Amino acid sequence: MQIPAQFDYVRASTVDDAVALLDRHGPDARVVAGGHSLLPMMKLRLARPEWLVDINDLYELDFVLRDGDTLRIGALTRHTALLESEEISRLFPIIGDAERVIADPTVRNRGTIGGSLCQGDPAEDLSTVCDVLRAQAVIRGPRGERTLTMGEFHRGPYESAVAQNELLCEVRIPIRPRSGSAYEKVERRSGDWAVVAAGASISLAEDGTISDVGIGLTAVGLDGTIPQAEAVLLGTRPSEDLFVEAARLSAAACDPIADQRGPIDYKRHLADELTRRVLRRAAARAAEAQEG
């Protein structure tokens, strides 16, 4: 059995307290909430922080709140809370689609949206979800608060724009009328990391044409959404022919690697097929929202 290296532990009482503790203890301090990514790395001694700053008492970061045309989600909100939220299910069904295939109930009960985004695993589902929904990340540090797009927030595999002495506080998602979204994932076994997954969000104008679209793929070497595929759909009426072309461009844009989860051609095929499926479902849900 492997055990972590020795470390000190402190429990933060407020966001400002957590930021001050991180700033005081410097690069040897790490935040822990759910701990499902950090603790296994510590047991393998791939991570050896000297201080753990526990933020589980920061209830100010545990919320789902509609604020005008924005949905605000606190970074400490658990996966289970996201899955069970009726407002999220109604406004952004893609989140429920993704949460149902994230790990297992034990992980979903403890893991948080903030931890998932900050971990930045290339096969992590909520990063793609936030990309296609055009979400923003709110970060607080010693110098105050700043708001970043997802493109600015993600800086590559396992790397985010959150500095060592900063804390991701919330995610803000714009609410658009006549919108639908969907996520679909292929995994080797239930709750596993994605072999490939796809997400899409579609908003319709009053005349039924597509006014905004986001398309993203998980675990195939892409950062952010796929502009060339989105451009095919903008300003058009949803149709199968256009979904096929957008999916083809999405598969061509990705850069998968051959590994134990499958060869490159297989992953490109999945990227194509899953993109078609999520576009169909997102368009159908947008049409339902328009009729409603």
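Every value quoted in this text rests on a predicted model; they were computed, and no experiment measured them.
Applying the side-chain hydrogen bond (donor to acceptor under 3.5 Å, both in side chains) rule to Y59 yields no partners; only residues at least two apart in sequence or on another chain are considered.
Interatomic distance, OG of S179 versus CD1 of I202, reported as 9.5 Å (0.5 Å rounding). Rounded to the nearest 0.5 angstrom, E184 CD and R277 CZ are separated by 4.5 Å. In this structure, the separation between CD1 on I175 and CZ on R66 is 4.0 Å, given to the nearest 0.5 Å. Rounding to the nearest 0.5 angstrom, the gap separating the CD1 atom in I215 from the OG1 atom in T128 is 12.5 Å.
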Handout entry: Audit row: D207, T209, side chain to side chain donor-acceptor pair (under 3.5 Å) steps and yes/no
Key = CA-CA 6 Å; D207 64 0; T209 59; 2.7 Å; yes
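N109 and T80 share a donor-acceptor pair across their side chains, judged by distance under 3.5 Å alone. Side-chain polar atoms of Q119 and S116 form no donor-acceptor pair below 3.5 angstrom. Of the N and O atoms on the side chains of T14 and E60, not one donor lies less than 3.5 Å from an acceptor on the other residue. For the 3.5 Å distance criterion, the side chains of R11 and Y9 qualify, holding a donor opposite an acceptor.
The existence of a salt bridge linking R90 and E87 is confirmed by a sub-4.0 Å separation between a basic side-chain nitrogen and an acidic carboxylate oxygen. Ion pairing between E240 and R276 fails under the 4.0 Å rule for side-chain N and carboxylate O.
The environment of R30 atom CZ is sparse: at most 12 non-hydrogen atoms of other residues, nucleotides or ligands sit within 6.0 angstrom. Counting heavy atoms of neighbouring residues, nucleotides and ligands inside a 6.0 Å radius, atom CD of E206 does not exceed 12 of them.
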